[in-house]
Amino acid sequence: MKIVLLSGRTTKQGVAAEIGKTSDDYLQNVAVIQLNPALMDQMGVKDGDRIEVKTLHGSAVVMCHKSDIEENMGFIPYGPWANLLIGSETQGTGMPDSKGTEAEIEKTDKNVESVDELLTRIVEGRK
Amino acid sequence: MIIRNGTVHDPANNINGEKMDIFVEKGKIVDESDLKDTREIDASGLLVMPGGVEIHTHIAGSKVNIARIMRPEDHRKDVVKKTQYRRSGTGYTVPTTFTIGYRYAEMGYTTVWEAATPPLGARHSHEELMDIPLVDKGIFTLMGSNYFVLKYTEEGEFEKLKNFVAWLLYATRGYAVKIVNPGGVENWKWGKNVNSLDDTVQNFNVTPREILKNLARAADELHLPHSIHIHCNNLGSPGNYAITKETIEMLAPYRRHITHIQFNSYAGEDWATFTSGGSDIAAVLNKSKNVTCDVGQVIFGDATTMTADGPWQHTLFKLSGNKWANSDVEMETGAGIVPYKFKKKNVVNAIQWSIGLEVLLLTKDPYKVFLTTDHPNAGPFYFYPHVMELLMSKKKREEMIEKVHPLVKERSALSSIDREYTLSDIAVVTRAGTAQALGMTAKGHLGAGADADISIYNFDEENIQKSFQKAAYTIKDGVIVVKDGNVVADYMGRTYILDVKADLSEEEKRIFSKYYTVQLANYPVEDAYLPRKEVVTCA
Amino acid sequence: MIHENVVCPFCGCLCDDIVVTTEDNQITDVKNACAISKSKFLNHHVNMLESALVDGKEVSMDEAVDRATEILSSADNPLIYGLSSTECEAQRHAIHLAELLGATIDQTASVCHGPTILGTQDAGCVKCTLGEVKNRADLIIYWGCNPAEAHIRHFRRYSVFPEGLFRKGRNEREVVVVDVRATASARIATTFVKTEPGTDFENISLMRAYLKGKRDSLPDELRDLVEKMKTCTFGIIFFGLGLTMSKGKHLNVDAALRLVRDLNEFTKFSITPMRGHYNVTGAGSTMAWVTGYPFSVNFALGYPLSNPGEFSAVDVLARKECDAALIIASDPAANFPAEAWKHLADIPTIVMDPKVSLTTRIAKVSIPVATAGIEAEGTAYRMDGIPLRLKKIVQTSRPSDAAVLTKMIEKVRA
């Protein structure tokens, strides 16, 4: 399914980040994607299911949360998972394209990576 | 330290070009009998003056920094490399803090005043002052459209007003009452202005005339060392010399300082008939007592205009088409910033240029009129030596007049003025006079007891500008901070504050907590921002 | 012990009315704070960096600072990055260190309101302090921002709900939210205007054209909005990363800044960015007064140069131009695109942070520091530029950012 990917702050993300980014709270509240229920029905996923999100720049597995967002959109809170999906091109501004990236989403059985797994994958992957 | 055999201009002590020695001990000027430190500077053939005292400049705080942020193009053409003693930085019209300190000191200036601090931003101004090295410094506190000032003026509660003024100076660690377009800045918060001394401020039944009189009286009764410091109404507009004249006259007998008076000395009815009102203003200054002014001399080239006069800046934005920043501050004041370029062949700019010189040359008593460029509104401060040259040389003025718009000859008296400043006149309009107007008794002269703030120049009559651009020595508190025009020491000057102390009433505290967005307890500037404070007694 | 009027070191609201209770040097209660602020105060000691680390091994503070300084001094092109979640003295020292090293220094604005700065450099900015909004505004527009979740007390303290001098409360104010999705903030709005992602520049440009008399092709919702803007008494736009991070970036902001300029022909109108980190405004301020530029500065030539896109951290990392990095009070491994931050794992990276972060996980040197605003004092600048004094309410043996940076400067100069 194609969506426009948005990212931003949430209160839960803010609260959890202050506890610590290696905490379970952070994982539970940041490794998530908010989707419209109608879209979720179409995809056959329910709250808490895992979704793989892919863009030109990378992929991330996150948990699905119901939200009143538009059907053609998905929202992932700022954090390392959202940052797997955006590129580093800034068009001379310093600012990457953090909002409005096109993404492909599908249901997955893969696990949500922990912060450490994610770091290891990127750090190992670069070699 | 002995400064041996210099040609000394210390007009405050009636020393005008005498060959003599100056003695320095522990940061002060002393009599020879009190001297212990016998290191010598050979000043033979050199000109010795008190360190320069800047009375009006915009060097620190929110509007200056907005201008820095807004103008990268300004900095790129003027870069300053780090050295062993000097931090790096940039110019041009809005230099970085360190660069400001260095450039003043390189010119022989040792005291500078940031002329317009919004009270709520006072902490910011002081924090920037901490990064302005070498010179002594301080701030003036904006009050002309302050809520409590308007309220007490409306209610006729003068004692409450006076107490509030004292409290605000204490809370901001300010030194003087600054007034910008009184009432007009409050009206600008609704997109409006005032145009006469008797216009009414919206929601407050008060007029600029009443605001000015009350604040002038408060400053006098509080025995503040400096008078109220006024940026008049109608600044920048053709015909505004009339309101300036009226402001000076109606405020008698109170002390008053009119700042950057060039911008308020315009005759004519519109831009087409724009004419100098400089002679009229000089005439008013000549016959008035207890009045001083600084000129805000125009320097051709780039400027960045910045002032609490928000409505004028909006007008200038529309006139110039340049980018525009505005910054209104709750309960207190506002600000506007617009880049500007003064052009020799622009008739208005050329007349503006002539007016500052006219006022400086036609005002007979140099203790009444001081050299400023209202940095960076009429141009950068480090062009003072250029203005000094024009003041001292009719020939140089004539050369300039030939280069500017020809209508200057018709619409300004400048070309008919023969007066040439003496070196002592220069010392008055940049040192002795400013120090006196600021009530800084240890500045602006070289008598025993004065701070050992001294500038020494290699003076060449044929090259006046060059002579004053880079001091042979600048000595701050007895420390050589500049030698041969280069910074040779890292030194922190003092911040001047007043010994005023007042409390807010319970009612004032209630109003504060309701209509400000910060807690009263977090409002007064802490001592952490005054690494070397000098407390001046009001008496 | 009860500490009143504490300044919250979380977001750009910089609320200064927090009441914090400490018992035995532990924070036990926090009043007046939002959920995130509470979490910050109550959890500041959780997941702390317990010790200084070099290559994952515990070392003394002095050893860590020595190692950090060696790395930075021997690098050809070091990067210093972060700054927005610490106080201004630390920022000033960081800039000084960058100057001494000939380093590149950038702050987190480059990935939040950097485009706002670029827009301001082109158009200027007509702004006001938050109290002006509280006292005067009758039209409040939140555009591309979601204060209900990011600046939680903004409505209550500064804009929608409080009693002001000339506005009694919510019912004397019209509130509009413009966004691509119906956020929690949209719920408090009088009107929610939904736009398509990536259309801000054209929408705002059409609104500007309308104001100049070219009235075709403006959708009804936007026409109603611009009419409201024209006819209000005192209007304000608060905007967020919805403008700066989406297609157009600085052009979106530039257009919005120009729209507000235009509106001042009709009425009083201001615009203010919703700055995220509590002292990101201060980071821009200190960099501007020391270097002339608020972000993306390089000192390789002995004087400051600025060029976003060239000296901005994401670009410097993505192009692998830096050969060492000092990260102060920030977590690029969490906040940057993975494509950019992974270079930090290839070079010796030094992190100064009170807490374990993603970046400390990949760093060569980690230096535990006091949390500014809780364990260390200093200045912070609110989103509207108002400076406030952060307080030290908990004692700690950890040095402040400023103290560590001072040591580094001494060592580099020695």
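All values reported here derive from a predicted model rather than from experimental measurement. Each chain gets a letter, A, B and so on, in the order the sequences are listed, and its residues count up from 1.
Nearest approach of A/S88 to C/V314, heavy atoms of both residues: O-CG1, 3.6 Å. Taking all atoms of both residues into account, the shortest heavy-atom contact from A/I122 to C/K342 is CG2-CB, 3.6 Å. Pairing each heavy atom of A/K21 with each of C/A334, the nearest pair is CD-CB, 4.1 Å. Taking both residues in full, the closest heavy atoms of C/A333 and A/P80 are given as O-CB, 4.3 Å, listed atom of the first, atom of the second, then distance. Counting all heavy atoms, side chain and backbone alike, A/L6 lies closest to C/R181 at CD1-CD, 3.9 Å. Looking at every heavy atom in both residues, A/R9 comes nearest to C/E149 through O-CB, 4.0 Å.
For C/C34, no part lies near chain A; criterion is any non-hydrogen pair under 4.5 Å. In this structure, the portion of C/A182 lying under 4.5 Å from any heavy atom of chain A is its backbone and not its side chain. Contacts between A/D97 and chain C at a heavy-atom distance below 4.5 Å involve backbone atoms as well as side-chain atoms. For a residue to count as touching a neighbouring chain, one of its non-hydrogen atoms must lie under 4.5 Å from one of that chain's; by this rule A/T90 touches chain C with backbone and side chain alike. Proximity to chain C is limited to the side chain of A/M73, based on heavy atoms less than 4.5 angstrom apart. For A/Q13, no part lies under 4.5 angstrom from a heavy atom of chain C. Contacts between C/F311 and chain A at a heavy-atom distance below 4.5 Å are absent for every atom of the residue. Heavy atoms closer than 4.5 Å to chain A are found nowhere in C/F41, neither backbone nor side chain. C/A313 does not touch chain A: none of its heavy atoms, backbone or side chain, sits under 4.5 Å away. Proximity to chain A (any heavy atom under 4.5 Å) is shown, for C/V180, by both the backbone and the side chain.
In this structure, C/L358 CG and A/L119 CG are separated by 4.5 Å, a value rounded to the nearest 0.5 Å. Atom CD of A/E18 sits about 11.0 Å away from atom CG of C/L42, to the nearest 0.5 Å. To the nearest 0.5 angstrom, A/M95 atom CE is 9.5 Å from C/S246 atom OG. The NE2 atom of C/H44 lies 13.5 Å from the CD1 atom of A/I19; values are rounded to the nearest 0.5 Å. Taken from OG1 in A/T93 to CG in C/L251, the straight-line distance is 9.5 Å, to the nearest 0.5 Å.
Within 6.0 Å of CD in A/Q28 there are more than 12 heavy atoms belonging to other residues, nucleotides or ligands. The neighbour count for A/D109 CG, taken as heavy atoms of other residues, nucleotides or ligands under 6.0 Å away, does not exceed 12. The neighbour count for C/K320 NZ, taken as heavy atoms of other residues, nucleotides or ligands under 6.0 Å away, is above 12. For C/R319, the CZ atom is densely surrounded, since the number of other residues' heavy atoms within 6.0 Å is greater than 12.
Counting only heavy atoms from C-beta outward, the side chains of C/V111 and A/S98 never approach each other to under 4.5 Å. Residues A/V123 and C/W341 have side chains in contact (heavy-atom distance under 4.5 Å, counting atoms from C-beta outward).
No donor-acceptor pair under 3.5 Å is formed between the side chain of C/N47 and the backbone N or O of A/T22. A donor-acceptor pair under 3.5 Å links the side-chain atoms of A/N83 to the main chain of C/N335, judged by distance alone.
Across C/V356, C/L241, C/L317, C/N307, the residue that shares the most heavy-atom pairs under 4.5 angstrom with chain A is C/L241. Listed options C/T244, C/V316, C/D106 were ranked by heavy-atom pairs under 4.5 angstrom with chain A; first place goes to C/T244. Ranked by heavy-atom pairs under 4.5 Å with chain A, the first of C/K247, C/K194, C/E310, C/K38 is C/K194. Residue with the most contacts toward chain A among C/K249, C/K355, C/K40, C/R361: C/K249 (heavy-atom pairs, distance under 4.5 Å). The residue among C/T183, C/I152, C/N43 with the most heavy atom pairs within less than 4.5 Å of chain A is C/N43. The candidate with the highest count of non-hydrogen atom pairs below 4.5 Å against chain A, out of C/C11, C/S312, C/S110, is C/S110. Per-residue heavy-atom pair counts under 4.5 Å with chain C were compared for A/G100, A/S23, A/G87, and the maximum is reached by A/G87. Listed options A/G58, A/G79, A/G94 were ranked by heavy-atom pairs under 4.5 angstrom with chain C; first place goes to A/G94.
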